[in-house]
Structures are given as structure tokens and as C-alpha cells.
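Both counts, for ligands and for their atoms, begin at 1 and track the order of listing.
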Amino acid sequence: MFITLEGPEGSGKSSQLPALADFLRDEGYQVIVTREPGGTAVGDQIREVLMNLKNVSIIPRTEILLFLAARAQHVEELIRPSLAAGKIVLCDRYGDSTLAYQGYGHKKDLPTLRSLLAYATGGLKPDLTLLIDVPVKEGLVRKRDNASEWNRLDAYDLAFHERVRLGYFALAEEEPNRWLVIDARKDKEEVQQAMRKAVKQRLEQT
Ligand code: TMP
């Protein structure tokens, strides 16, 4: 089963992932935790280029192709083999980030992005996507408080991040069976419980 976590900046989704993985392992599942951009040696090098605050000259098209290059490698090298081995793959961001950030955020053509995405992933889509939602200002404040996490993409303006968040809502509405929206303003334990419940329900359906 392929499960992805999505959300605007500072939703806390990444810090929820290890506890979700531990819970599933205790239930007897084999679990791989990974993230995008990254997840492979090549992907991590691409991540460094994308996140580096010095790379101010990167244009949106370059950004898109770098995210997709990292994703193509990730799908082929890690995600597909893990799924084929019967593991649960928990991935911090995936294709929906490209649609939300580059599509809705940068206003790049969504049909083009969708077809590039299909090319990069060979059509692999998540079985379940958890949208860990937080209002933009609140999320950015949380992230700024943790200066080591601040990256080049966070520096886009507030309107950009608002479009990203609304983009996520639009994506979730398009495919309500795949998405579940969880309010990240609840306390951490409640968010974790909501994530566990959604994953268990989906596992029981398969
Ligand atoms: P994060 O690891 O803190 O979530 O940072 C990843 C950043 O990259 C975040 O700002 C979202 C952005 N991103 C995109 O813009 N497009 C993508 O396809 C992915 C995977 C991430």
C-alpha cells in the first residue's frame, strides 16, 4: 500500500511520520518511510539543489523538472520495489505537491503537469493521501521558528502559499476516495490518532 502525506508548510506532517510508521510496524506490517524530493542518493542530491537558498536563479520550469527527475528515480529505485515486496510505503510529499506548488502556486498549466507526472511516475498513484492542513500564516510561523528547516521554497510570498493550500483543497475534492483532510491545529496526539484511523480503515478495505 502506498500512502502519501501532503500539506502546506509547517503542518507538522514530517514529525508525525515516525510514530505512524512505528504503529504500523507494531501491527505487523513492513514499512518504508521516505520523502520527496529525496528518498534515493540521486534524489537527495537533487533536493540539495532545489532547497539551497543560494539558487535564487532557478526558474519554475527548471524547478518542475528537477522535482520530477527526483521522483522518477524514487519510484523506480525505491517505491515500486517496496510495494512489490508487499511493504507499506509512507511518503512525505509526492506528485500532489507538484500539482499544488508548481500548478496552483506557480500557476503552471495543470494538464501539462499531469502528463509530465504520469511520465515520471509511470502512472503510479497513492492508495491514500493524508492532507495535513494548517492555515498558511500559522504554518509559516511554525516553520520559521525552526530555522534549520527554512528553505528556498518557503521564501515564496504569502499569496503563493495561499494558492498552494487552496490547490490542495481542490485536489482533495477531485478525488475524495483517495484523500482525507486532517486539521493540524488539533493537538499532536489527536492528529496522530486521525492518521492511524484513516490508514487502518484503508488497510481493512484491501
Ligand atoms: P519539505 O521537505 O519541508 O516538505 O520541503 C519540500 C519543499 O518542496 C516544500 O516547500 C514543498 C516543495 N515541493 C514542491 O514545490 N514540489 C514538489 O513536487 C515537492 C515534492 C515538493
Side-chain angles (χ1 to χ4, degrees), residues 2-18 20 33-40 42-56 58-75 77-79 89-110 112-121 124-126 129-134 136-168 170-171 182 184:
F2 183 25
I3 300 167
T4 56
L5 261 68
E6 295 285 351
E9 308 303 323
S11 69
K13 63 181 170 38
S14 310
S15 56
Q16 292 280 358
L17 259 185
L20 181 61
V33 178
T34 186
R35 69 168 176 184
E36 291 208 346
T40 65
V42 167
D44 282 337
Q45 290 171 64
I46 297 173
R47 182 184 179 93
E48 162 55 25
V49 173
L50 280 161
M51 302 292 143
N52 196 327
L53 287 164
K54 287 186 199 146
N55 288 336
V56 281
I58 291 186
I59 62 165
R61 255 179 297 149
T62 308
E63 196 177 288
I64 290 165
L65 294 169
L66 286 171
F67 280 121
L68 291 171
R71 183 162 306 130
Q73 189 70 28
H74 195 201
V75 167
E77 196 178 315
L78 183 69
I79 302 177
V89 175
L90 293 180
C91 189
D92 188 348
R93 297 196 184 281
Y94 185 64
D96 296 301
S97 280
T98 303
L99 299 176
Y101 281 77
Q102 282 66 50
Y104 288 90
H106 283 306
K107 301 181 180 172
K108 294 293 157 197
D109 185 57
L110 279 170
T112 305
L113 288 178
R114 286 185 201 273
S115 79
L116 287 170
L117 201 52
Y119 176 69
T121 61
L124 181 70
K125 287 187 89 174
T129 299
L130 303 176
L131 172 52
I132 314 297
D133 176 59
V134 68
V136 168
K137 276 189 190 154
E138 209 170 303
L140 289 173
V141 167
R142 282 191 198 186
K143 210 165 176 189
R144 248 181 228 132
D145 288 348
N146 192 346
S148 65
E149 283 192 11
W150 191 251
N151 65 56
R152 189 183 57 83
L153 297 153
D154 298 322
Y156 289 130
D157 65 19
L158 209 59
F160 170 85
H161 290 288
E162 292 287 1
R163 287 196 299 276
V164 169
R165 183 173 183 233
L166 293 180
Y168 273 129
L171 294 168
I182 296 174

**Request:** Would you check whether Tyr94 has a nitrogen or oxygen atom less than 3.5 angstrom from a nitrogen or oxygen atom of ligand 1?
**Result:** no

**Prompt:** Can you tell me how far the CZ atom of Arg61 sits from the CG atom of Leu116, to the nearest 0.5 Å?
**Reply:**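 Rounded to the nearest 0.5 Å, the CZ-CG separation comes to 11.5 Å.
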
**Asked** For Tyr94, does its backbone N or O pair with a side-chain atom of Glu6 as donor and acceptor, under 3.5 Å?
**Response** yes

**Item:** Thr98 N/O under 3.5 Å from ligand 1 N/O
**Value:**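 Yes, since at least one N or O of Thr98 sits under 3.5 Å from an N or O of ligand 1.
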
**Prompt:** Is it true that Met51 lies under 4.0 Å from ligand 1, counting heavy atoms only?
**Reply:**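 Contact check Met51 vs ligand 1: positive.
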
**Request:** Check each of Arg93, Arg35, Arg47 against atom 2 (O) of ligand 1 and report the one with the nearest heavy atom.
**Result:**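 Nearest heavy atom to atom 2 (O) of ligand 1 lies in Arg47.
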
**Prompt:** Counting each atom of ligand 1 from 1 as listed, which ones have a heavy atom of Lys13 under 4.0 Å away?
**Reply:**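 That gives atoms 4 (O) of ligand 1.
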
**Request:** Search all heavy atoms of Gly167 against all heavy atoms of Tyr104 and return the closest pair with its distance.
**Result:** CA-CG, 3.4 Å

**Polar proximity ligand 1 side, Gln102 side, N/O cut 3.5 Å exclusive** = yes

**Asked** So which heavy atom on Lys13 is nearest to which on Leu5, and how close?
**Response**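 Heavy-atom minimum between the residues: O-CD2, 3.5 Å.
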
**Asked** Would Val134 and Arg142 count as a side-chain contact (heavy atoms from CB on, under 4.5 Å) if you check the C-alpha gap in whole Å, the side-chain angles of each, and the deciding distance to 0.1 Å?
**Response** CA-CA 10 Å; Val134 68; Arg142 282 191 198 186; 4.0 Å; yes

**Prompt:** Would you say the ring centroid of Phe67 lies under 6.0 angstrom from that of Tyr101?
**Reply:** no

**Prompt:** Any N or O of Asp92 that comes nearer than 3.5 Å to an N or O of ligand 1?
**Reply:** no

**Shortest heavy-atom approach to atom 3 (O) of ligand 1 - which of His74, Lys143, Glu9** = Lys143

